[in-house]
Amino acid sequence: MKPCQNCQTVIDEYTLDKQLEPLRDLTVDDFNVCADCVTIVADACVECGGAVYVPRGDSPEPDYCPACRSELIERTGEDPGWHCDPIST
């Protein structure tokens, strides 16, 4: 059992696993925060339409889910970060 990096409470893996279900192929082992310190926003990823992980209290909401961000890094060799570049007009 790992402590949450945000609030230092022990991470309840069952609760966090249930909350992470919308995030593709991710498990509790991919996170260092407890369910009380994270918000999952469904349908927010601009690549796959899946859920994004938002540390509670952080804003703005990410554009990429962790899985799509990882795929973009593997495909392009560059880290896009959590946010899309603004569309130029």
Rounded to the nearest 0.5 angstrom, the SG-CD distance for C65 and E71 is 7.5 Å
Applying side-chain contact (heavy atoms from CB on, under 4.5 Å) to I73 and not counting sequence neighbours gives R69, D79, P80
Sequence neighbours excluded, the answer for side-chain contact (heavy atoms from CB on, under 4.5 Å) partners of S70 is E74
By side-chain contact (heavy atoms from CB on, under 4.5 Å), V41 pairs with (sequence neighbours left out) T39, A44, V52, V54, E61
The salt bridge (Lys or Arg N to Asp or Glu O under 4.0 Å) partners of D43 (sequence neighbours excluded) come to none
